[in-house]
Amino acid sequence: MKLFNRKKAAGAAMGGQVVLLVEGMHCSSCGLLIDDELEDIPGVGSSTTDMNGGRTTVRLEEGAEVDVAVLVAAVEAAGGYKARPAD
């Protein structure tokens with residue numbers, strides 16, 4: 001994990017997105033840690049976490065397919081968080 005890893009190129013083509021509901025965040029640094037962990041996954045273009053809303057939006061690179069279970073595991077690996085896909 002690289003802290004605050006905004007490695008993806010701006011303007012890159014993006015594909016679909018996955019929204020996760022996240023419990024256990026208590027400050028804005030939590031969101032940054034989660035985003036950083038998710039952005040290390042191949043196929044993830046960007047991640048934006050809203051701590052107040054308890055949601056993380058993961059945008060996938062064009063043509064990428066990423067298992068939602070991998071995304072959930074990455075959120076939970078970032079700290080003491082619980083995550084699940086939004087309906």
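With rounding to the nearest 0.5 Å, the separation of CD in Glu37 from CG in Leu32 is 13.0 Å.
The shortest distance between side-chain heavy atoms of Leu71 and Val75 does not fall below 4.5 Å. In this structure, Val70 and Val72 have side chains that are not in contact, with every pair of non-hydrogen atoms separated by 4.5 Å or more. Inter-residue side-chain proximity for Arg59 and Thr48 is flagged as met; some heavy-atom pair is nearer than 4.5 Å. Side-chain contact between Ser28 and Met51 is absent, with no heavy atoms from C-beta onward closer than 4.5 Å.
Smallest separation of non-hydrogen atoms from Ala64 and Gly43: CB-O, 3.5 Å. Residues Val44 and Glu61 share a closest heavy-atom pair of O-OE2, 3.8 Å. Here the closest heavy-atom approach between residue Met25 and residue Arg55 is recorded as CE-N, 4.4 Å. Across all non-hydrogen atoms, the minimal contact from Glu39 to Ser47 is OE2-N, 3.0 Å.
Residues Leu38 and Val68 share a hydrophobic cluster, clusters being chains of Ile/Leu/Val/Met/Phe/Trp/Tyr side chains in contact below 4.5 Å. Linking ILVMFWY residues whenever their side-chain heavy atoms come closer than 4.5 Å, directly or via other members, leaves Leu21 and Leu33 in distinct clusters.
Looking at residues two or more places apart in sequence or on another chain, you find a side chain to side chain donor-acceptor pair (under 3.5 Å) between Thr49 and Asp35, Thr56. Partners of Asp50 under the side-chain contact (heavy atoms from CB on, under 4.5 Å) rule, at least two apart in sequence or in another chain, are Asn52. Evaluation of the side-chain contact (heavy atoms from CB on, under 4.5 Å) rule for Glu23 yields Lys82 as partners, not counting sequence neighbours.
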